[in-house]
Engineer: 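Structure in structure tokens, see below.
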2 protein chains.
Amino acid sequence: MDFSPVATWTLPTTSRERDPQQFWASLSGEQQQQWLQQLQPLYYQIILLYFRDAPDLQERIAQFTYLAYRLNLPIAEILGMHMQFMDEITKQLKLEGRSEELVLDYRLTLIDVIAHLCERYRRAMVEVPEGK
Amino acid sequence: MDFSPVATWTLPTTSRERDPQQFWASLSGEQQQQWLQQLQPLYYQIILLYFRDAPDLQERIAQFTYLAYRLNLPIAEILGMHMQFMDEITKQLKLEGRSEELVLDYRLTLIDVIAHLCERYRRAMVEVPEGK
């Protein structure tokens, strides 16, 4: 599935961009796994770059939330990705003898991403004629 | 505006429940202030009860997110409510000489609330015929 061009990431989402056959619930377990293997690195990069003044951070968040929107991805999947990555980071910090407080800071990243996704849905809903 | 009955809070949201004339952007500044005076205590109660095993916590989150959905409330307003309350809590903790880490824990509450709101929008969008 190709959701290009990249510029689309930053534009508001419309309901006309979605194909229910590409929705998460319509995918096979294998297709879902393939998507997770693409989505996880995207989310992990957002986490790793979040406090580093990365110039393309907003575009990365826009891209990730755009894909989540197109896939009609359950929010629980994003929470799951976050917690899985936090577990990995916690293990690494423990090995290095470093404070695990960084994991608490990354909650801000999750808030940012979910808030962006929520705004995508909110704007897309206003596009749709209410009650029809 | 009466969004009763209470049982509605916990039910999935449909797009047919929304009247654009009640949307946040359609309200006067005064009406928005009146709504904030109702929404803030609801959100504050969710915060205060979040780690206390309150039996009606889920219903409170459902109610708050239902109102936010019906109002088409910008997510930024919820973030603003959260930060305002965190400022008040921080001041109080400082006065009492207590650790401010509690404020970091409340980020989980914000994640929970925004995730619930996002799921409301996501489910309501699937109700609407795509592309029409």
Side-chain angles (χ1 to χ4, degrees), chain A residues 12-26 50 61 64-65 68-83 86 99-132, chain B residues 12-26 50 61 64-65 68-83 86 99-132:
Chain A
T13 327
T14 67
S15 58
R16 291 178 294 280
E17 292 164 330
R18 303 215 300 175
D19 171 12
Q21 290 185 332
Q22 292 177 355
F23 283 3
W24 195 253
S26 305
Y50 197 72
I61 292 175
F64 180 83
T65 56
Y69 172 75
R70 286 289 298 269
L71 285 166
N72 201 44
L73 187 71
I75 313 309
E77 293 289 340
I78 300 174
L79 299 182
M81 266 185 250
H82 183 86
M83 291 190 290
M86 292 306 112
S99 163
E100 291 163 43
E101 271 188 26
L102 188 61
V103 169
L104 299 181
D105 289 339
Y106 284 138
R107 288 175 185 169
L108 290 175
T109 315
L110 180 58
I111 289 164
D112 208 341
V113 169
I114 300 179
H116 270 82
L117 180 58
C118 200
E119 274 292 311
R120 275 199 185 274
Y121 276 104
R122 195 175 75 85
R123 288 190 301 254
M125 276 227 59
V126 178
E127 290 260 340
V128 180
E130 296 285 341
K132 295 183 188 168
Chain B
T13 325
T14 67
S15 58
R16 290 178 295 281
E17 291 163 330
R18 303 215 299 174
D19 172 10
Q21 288 185 332
Q22 292 177 357
F23 283 2
W24 195 254
S26 305
Y50 196 71
I61 292 175
F64 181 82
T65 55
Y69 172 75
R70 285 290 297 269
L71 285 166
N72 201 43
L73 187 71
I75 314 309
E77 293 289 341
I78 300 175
L79 299 181
M81 267 185 249
H82 181 85
M83 291 190 290
M86 292 307 111
S99 163
E100 291 164 44
E101 270 189 26
L102 189 61
V103 169
L104 299 181
D105 289 339
Y106 285 138
R107 287 174 185 169
L108 289 175
T109 315
L110 180 59
I111 289 165
D112 208 342
V113 169
I114 299 180
H116 270 80
L117 180 58
C118 200
E119 274 291 310
R120 274 197 186 276
Y121 275 105
R122 195 175 74 87
R123 287 191 301 255
M125 275 226 60
V126 178
E127 290 260 341
V128 179
E130 297 284 341
K132 293 181 189 171

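Letters A, B, ... are given to chains in the order of the sequence lines, protein chains preceding strands, and every chain is numbered from 1.
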Engineer: Who passes ring pair (Phe, Tyr, Trp, His ring centres under 6.0 Å) against A/H82, sequence neighbours left out?
Structural biologist: A/Y43
Engineer: For B/I75 and A/I114: C-alpha separation, side-chain torsions, deciding distance, then whether side chain to side chain contact (heavy atoms under 4.5 Å, CB included) applies.
Structural biologist: CA-CA 10 Å; B/I75 314 309; A/I114 300 179; over 6 Å; no
Engineer: Among A/I78, A/L117, A/I111, single out the residue with the greatest number of heavy-atom pairs under 4.5 Å to chain B.
Structural biologist: A/I111
Engineer: Show the atom names and distances, to 0.1 Å, of all donor-acceptor pairs under 3.5 Å that link a side chain in residues 99-108 of chain B to residues at least two apart or in another chain.
Structural biologist:
unit_1 : atom_1 : unit_2 : atom_2 : d
B/S99  : OG     : B/E101 : N      : 3.1
B/R107 : NH1    : A/L104 : O      : 3.3

Engineer: Which region of A/L73, side chain (C-beta onward) or backbone (N, CA, C, O), has a non-hydrogen atom less than 4.5 Å from a non-hydrogen atom of chain B, or is it both or neither?
Structural biologist: backbone
Engineer: Is the backbone N or O of B/N72 less than 3.5 Å from a side-chain atom of A/R122, with the two atoms forming a donor-acceptor pair by type?
Structural biologist: yes
Engineer: Heavy atoms only: give me the nearest A/A124-B/M125 pair and the separation to one decimal.
Structural biologist: CB-SD, 3.9 Å
